[in-house]
*Asks:* 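Take this structure first; my questions come after.
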Amino acid sequence: MGVADFLTICAVQLLFVVEYASFDTQGKIGSGVTNITDDRSTNMAINTGYTSTLGNNSGSVSVTHYQTGQATNAVSYRGIENLWGNIWKWVDGINIKTDHIPWSADHGFGSDYFTDPYKPLNVVLPAVNGYVKDIAYNDVFNYGFLPSNVAGSSSTYLHDYYNQLTGNRVAVLGGDWLSGSDAGAFNWNMTVSSGYWGRDVGARLLYIP
């Protein structure tokens, strides 16, 4: 077992794009647990398992929030529950150097690593926040969905938001219980440092045979 890593997330994102011919995960499947009023003190994520009745099908299931009583929905993409919304998910295998250049590895994961086995992807991520319009791409990095331009909106282009800060950063994905239209399977948050902890951040386990 391990934490879901960057290359795996890239593959899942690509599968969604191929299947739906769209980047709009919220529009195609469901908004997810993204509309909950935050009490500013507790973990307000719902438990896992609400979409188990869907099996490996994609879809959403109506849920009444256990704490606020608000109507929301748990989502699943091909059996991956709450890929977006509910709680931010740590993503292993990607570190962001202070110059907004992402480094990636397929093994030997560690935070703040910028040496072998991590390699620079030779793209520069935006130095401002916003909805993603264009995807970073070159001969080295031709398989993922990191932003190069954030002049989009919640209803156009990739539909999802990108957050950043200067300094060495790690990555979390998808949004949390109050992210609203910012959330989605292409919502990258590069504001957290490796020592960050918070009630709105968790992880997704990945089975590695």
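Sequence positions, counted from 1, serve as the residue numbers for this chain. If you're wondering where the values come from, they're calculated on a predicted model, not measured in any experiment.
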*Asks:* To the closest 0.5 Å, what do you measure between CG (Asp176) and CH2 (Trp88)?
*Replies:* 6.5 Å
*Asks:* So, Asp112 versus Ser194: side-chain donor-acceptor pair below 3.5 Å or not?
*Replies:* yes
*Asks:* For the atom pair CG (Asp160) and OG (Ser181), what is the distance rounded to the nearest 0.5 Å?
*Replies:* 9.0 Å
*Asks:* Test side chain to side chain contact (heavy atoms under 4.5 Å, CB included) on Asp182 and Asn163 and set out the steps.
*Replies:* CA-CA 10 Å; Asp182 290 1; Asn163 293 279; 5.7 Å; no
*Asks:* Indicate if Leu15 and Val17 have the same hydrophobic cluster label, given that clusters are the connected sets of ILVMFWY residues with side-chain heavy-atom separations under 4.5 angstrom.
*Replies:* yes
*Asks:* Examine the side chains of Thr51 and Glu81 and answer whether a donor and an acceptor come within less than 3.5 Å of each other.
*Replies:* yes
*Asks:* In the single-linkage hydrophobic clustering (I, L, V, M, F, W, Y; side-chain heavy atoms under 4.5 Å), do Ile96 and Val128 co-cluster?
*Replies:* yes
*Asks:* Side-chain donor-acceptor pair under 3.5 Å between Asn82 and Thr48, yes or no?
*Replies:* no
*Asks:* Tell me which pairs pass ring-ring contact (aromatic ring centres under 6.0 Å, His included) where either residue lies in residues 161-203, with sequence neighbours left out.
*Replies:* Phe6-Trp188, Phe23-Phe186, Tyr131-Tyr161, Phe145-Phe186
*Asks:* State, yes or no, whether a side-chain contact exists between Trp90 and Val192 at a heavy-atom distance under 4.5 Å.
*Replies:* yes
*Asks:* Counting only N and O atoms by type, is there a donor-acceptor contact under 3.5 Å from the side chain of Lys89 to the main-chain atoms of Ile87?
*Replies:* yes
*Asks:* With heavy-atom distances below 4.5 Å as the criterion, would you say the side chains of Asp39 and Thr37 are in contact?
*Replies:* no
*Asks:* Considering all heavy atoms of both residues, which atom of Val63 and which atom of Ala74 are nearest to each other, and what is their separation?
*Replies:* CG2-N, 3.9 Å
*Asks:* Between the side chain of Ser60 and the main-chain N/O of Val75, is any donor-acceptor distance below 3.5 Å?
*Replies:* no
*Asks:* Going through the distances and angles, do Val132 and Asn149 end up as a side chain to side chain contact (heavy atoms under 4.5 Å, CB included)?
*Replies:* CA-CA 6 Å; Val132 181; Asn149 180 295; over 6 Å; no
*Asks:* Side chains of Asp24 and Ser22: donor-acceptor distance under 3.5 Å anywhere?
*Replies:* no
*Asks:* For Ser179 and Asn187, run side chain to side chain donor-acceptor pair (under 3.5 Å): C-alpha distance rounded to whole Å, both residues' side-chain angles, the deciding distance at 0.1 Å, then the answer.
*Replies:* CA-CA 10 Å; Ser179 291; Asn187 177 200; 5.0 Å; no
*Asks:* When you group the ILVMFWY residues by side-chain heavy-atom contacts below 4.5 Å and let the links chain together, are Leu125 and Val91 in the same group?
*Replies:* yes
*Asks:* Rounded to the nearest 0.5 Å, what's the gap from OG1 on Thr42 to CG on Asp200? Could you check?
*Replies:* 11.5 Å
*Asks:* Could you report the tightest heavy-atom contact between Gly32 and Thr72, atom names first, then the distance?
*Replies:* O-OG1, 3.5 Å
*Asks:* Judged by modelled atom types alone, do Ser148 and Asp134 share a side-chain donor-acceptor pair under 3.5 Å?
*Replies:* no
*Asks:* Closest approach of Asp99 and Val124, non-hydrogen atoms and distance?
*Replies:* O-CG1, 4.0 Å
*Asks:* Does a donor on one side chain and an acceptor on the other come within less than 3.5 Å for Thr8 and Asp5?
*Replies:* yes
*Asks:* Using atom types as modelled and distance alone, determine if a side-chain donor or acceptor of Gln67 lies under 3.5 Å from a backbone N or O of Ile36.
*Replies:* no
*Asks:* Is the backbone N or O of Met44 less than 3.5 Å from a side-chain atom of His65, with the two atoms forming a donor-acceptor pair by type?
*Replies:* yes
*Asks:* Would you say Asn129's side chain and Gln164's backbone share a donor-acceptor pair under 3.5 angstrom?
*Replies:* yes
*Asks:* Mind checking whether Arg78 and Ser58 have side chains closer than 4.5 Å, heavy atoms only?
*Replies:* yes
*Asks:* Do you know which two heavy atoms are closest between Thr25 and Gly184, and how far apart they sit?
*Replies:* OG1-CA, 3.4 Å
*Asks:* Same hydrophobic cluster for Val61 and Val33, using side-chain heavy-atom links shorter than 4.5 Å among ILVMFWY?
*Replies:* no
*Asks:* What are the two closest non-hydrogen atoms of Leu165 and His100, and how far apart are they?
*Replies:* O-CE1, 3.8 Å
*Asks:* Which heavy atom of Gly174 sits nearest to which heavy atom of Ala183, and what is that distance?
*Replies:* O-CB, 3.3 Å
*Asks:* Could you walk me through whether Ile135 and Leu158 satisfy the side chain to side chain contact (heavy atoms under 4.5 Å, CB included) test, starting with their C-alpha distance in whole Å, then the side-chain angles of each, then the deciding distance to 0.1 Å, before giving a yes or no?
*Replies:* CA-CA 9 Å; Ile135 300 165; Leu158 268 70; 4.1 Å; yes
*Asks:* Is a donor on one side and an acceptor on the other found under 3.5 Å between the side chain of Asn168 and the backbone of Asn95?
*Replies:* no
*Asks:* Going by ring-ring contact (aromatic ring centres under 6.0 Å, His included), name the residues that satisfy it together with Phe141, two or more places apart in sequence or in a different chain.
*Replies:* Tyr143
*Asks:* Taking atom types as modelled, is there a side-chain donor on Gln70 or Thr68 under 3.5 Å from an acceptor on the other?
*Replies:* yes
*Asks:* Quick one, Met190 and Val172 - any side-chain contact, counting heavy atoms below 4.5 Å?
*Replies:* no
*Asks:* Closer than 3.5 angstrom, by distance alone: can the side chain of Ser193 be matched with the main-chain N or O of Arg169 as a donor-acceptor pair?
*Replies:* no
*Asks:* Check the hydrophobic clustering (I, L, V, M, F, W, Y; side-chain heavy atoms under 4.5 Å; chains of links allowed) and say if Val18 and Tyr157 are grouped together.
*Replies:* no
*Asks:* Side-chain donor-acceptor contacts of residues 101-111 below 3.5 Å, not counting sequence neighbours, with atom names and distances?
*Replies:*
from: Ser104; atom 1: OG; to: Gly93; atom 2: O; distance (Å): 3.1

*Asks:* For a salt bridge (charged side-chain N to carboxylate O under 4.0 Å, His left out) check, start with the C-alpha distance between Arg199 and Asp38, then their side-chain angles and the critical distance, and finish with the verdict.
*Replies:* CA-CA 11 Å; Arg199 60 195 174 89; Asp38 190 25; 2.8 Å; yes
*Asks:* Applying side chain to side chain contact (heavy atoms under 4.5 Å, CB included), run through Val12 and Ile80 and close with a yes or a no.
*Replies:* CA-CA 9 Å; Val12 172; Ile80 304 172; 3.9 Å; yes
*Asks:* Roughly how far, to the nearest 0.5 Å, is CD1 of Ile9 from CG of Leu173?
*Replies:* 5.5 Å
*Asks:* State whether Tyr20 and Lys28 meet the cation-pi test: NZ (Lys) or CZ (Arg) under 6.0 Å from the six-membered ring centroid, and within 45° of the perpendicular axis.
*Replies:* no
*Asks:* Within this structure, what is the CG-CD1 distance for the pair Leu7 and Ile94, rounded to the nearest 0.5 Å?
*Replies:* 9.0 Å
*Asks:* I need the Phe114 CZ to Thr98 OG1 distance, nearest 0.5 Å.
*Replies:* 8.5 Å
